Amino acid sequence: MPIRIAVIGCGMIAQKRHFPELSENPNVTLTACCDYVPERSRLMAETYGGRSYRTYQELLDKEELDAIIICTNNATHEEVAVCALEKGLHVLCEKPMAASLEQARRMTQCAEKNKKILMIAMNQRMSGAYKKAKEILSSGHMGRVLTFRTVFGHPGCEYWSIDGKESWFFDSKLAAFGCLADLGVHKIDLMRWLLEDEFEEAFAYKATRDKKDPDGTPVSVEDNMVGVLKSRSGIIGTIAASWTYYGPEDNSSVFYCEKGILSVLTDPEYLVKIDYQDGTGERFLVPGVGSNEHPIRSNIPDEFVQAILQQRESAIPGREGFNSLAVAVALNQAALEGRPVKVTTFEDFV
């Protein structure tokens, strides 16, 4: 039987990524969807099939499901996930995993208690470019990574969010963080995965430089963040996230290694390239990372469905989502307090 899936939240990420990819998966039946704006869920139901609801509670009470996908604001991820997990459903949750580490811990423990999949939608791990970078770094071909820099910046969520300048992304009560959670957590997770290492200390600056609410006051979350991270093995590097890159998107990473430099998404043609100390190099033509303007299949729903069918842990389980969120929380705290902050991993969190 196909996997019966409902989508909770019908904003832009659901409309542009999850619904189209689910509809193309032969192992999926799109059973239902919901959104607090009824027109959105009705449109998705009419386009992709299934029934439309206004609240997730009503949907979960009335539908027979195997799994849900959460595409709501960050502050509601935990309540929706826990409710679904307690009902025996698998959960795919958009990033960031939650608005706090306590929420993320409860989600993870609930999934483990109920023996259900909890997957976090960190789609950059699935991209062709970063998979190639992972292959190169894991092979030892470049020697040790000594330092790195990683960036994710674009003109801002108002150009992407279905609500424009009134988006929940700009509301600290619903988002918890700004560009740090929207963009920075992607690069945090990517660095952890690529380096096969955990970060133990963080320092950062953050600011609201340009984004304003409709009444002209600055938004309640940061639109720029620059941080420094130190891993357990001693790797240090910089991370930047921004909603004020008023031009082309920058989603690049550069790894400075013992035997040369590995660059990802710095060249528009060769998305992965190596430059050796002796002046020689290698160039790789690989698939890129999807952007808001140029969506590329994320493969996140496909991985979620395969994990369910194969009765295995997903590629990005709850503990991974927790540890990436923990770095973001440490960066935010460091920026607020003006001092380096230790990162708390899932194993250490009380």
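Just the heavy atoms: all of them, side chains too, but no hydrogens, waters or symmetry mates, feed the values below. Because the structure is a prediction, the values reported are computed rather than measured.
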State, yes or no, whether a side-chain contact exists between Glu94 and Ile120 at a heavy-atom distance under 4.5 Å.
-> no
In terms of side-chain heavy atoms, does Asp163 have a donor or acceptor partner in Ser161 at a distance below 3.5 Å?
-> no
With no hydrogens and no angle check, do the side chains of Ser231 and Glu200 hold a donor and an acceptor under 3.5 Å apart?
-> no
Taking C-beta and beyond as the side chain, do Lys187 and Arg192 meet within less than 4.5 Å on heavy atoms?
-> no
Flag the pair Trp243 / Phe152 as yes when their ring centroid distance falls below 6.0 Å, and as no otherwise.
-> no
NZ/NE/NH1/NH2 to OD/OE distance under 4.0 Å, Glu320 and Arg125 | yes
Find out whether Leu229 and Leu331 are in side-chain contact, i.e. whether some heavy atom of one side chain is under 4.5 Å from a heavy atom of the other.
-> yes
Salt-bridged, Asp66 to Lys116, with N to O below 4.0 Å?
-> no
Within a reach of under 6.0 Å around CD1 of Ile236, are more than 12 heavy atoms found that belong to other residues, nucleotides or ligands?
-> no
Considering only distance and modelled atom types, tabulate donor-acceptor pairs under 3.5 Å from the side chains of residues 28-36, sequence neighbours left out.
from	atom 1	to	atom 2	distance (Å)
Thr31	OG1	Thr29	O	3.3
Asp35	OD1	Val37	N	2.8
Asp35	OD2	Cys10	N	2.7

Residue pairs involving residues 38-67 (criterion ring pair (Phe, Tyr, Trp, His ring centres under 6.0 Å); sequence neighbours excluded) | Phe19-Tyr48
Is there a donor-acceptor contact under 3.5 Å linking the side chains of Tyr276 and Glu282?
-> yes
In terms of side-chain geometry, is the basic nitrogen of Arg51 or Glu63 positioned less than 4.0 Å from the acidic oxygen of its partner?
-> yes
Min side-chain heavy-atom separation Glu201-Val341 under 4.5 Å = no
If we ignore angles and hydrogens, is there a donor and acceptor under 3.5 Å between the side chains of Glu135 and His141?
-> no
Do you see a donor-acceptor pair shorter than 3.5 Å between the side chains of Asp223 and Thr244?
-> no
Would you call Arg17-Glu21 a salt bridge at under 4.0 Å N-O?
-> no
Modelled atom types, side-chain donor and acceptor of Asn251 and Gln124, under 3.5 Å = yes
Just do the side chain to side chain donor-acceptor pair (under 3.5 Å) check on Ser314 and Glu303 with the steps written out, would you?
-> CA-CA 7 Å; Ser314 76; Glu303 163 60 20; 5.2 Å; no
Got Pro214 and Glu166 here, is their nearest side-chain heavy-atom distance under 4.5 Å?
-> yes
Going by distance alone, is a donor N or O of one side chain under 3.5 Å from an acceptor N or O of the other, for Ser298 and Asn123?
-> no
Evaluate the side-chain proximity of Phe322 to Arg105: yes if any heavy-atom separation is below 4.5 Å, no if none is.
-> yes
Is any side-chain heavy atom of Glu222 closer than 4.5 Å to a side-chain heavy atom of Cys179?
-> yes
Do other residues, nucleotides or ligands put more than 12 heavy atoms under 6.0 Å from Lys134 NZ?
-> yes
Between Tyr130 and His186, does the ring centre distance come in under 6.0 Å?
-> no
Is there a side-chain contact between Phe177 and Val329, using heavy atoms and a 4.5 Å cut-off?
-> yes
Check ion pair Arg54-Glu58 (N to O, under 4.0 angstrom) | no
Indicate whether the side chain of Ser242 and that of Asn224 have a donor and an acceptor atom separated by less than 3.5 Å.
-> yes
Verify side chain to side chain contact (heavy atoms under 4.5 Å, CB included) between Ile68 and Ile5, making sure each step is shown before the conclusion.
-> CA-CA 5 Å; Ile68 68 163; Ile5 296 180; 5.8 Å; no
Could you tell me whether the side chains of Asn25 and Asp302 share a donor-acceptor contact shorter than 3.5 Å?
-> yes
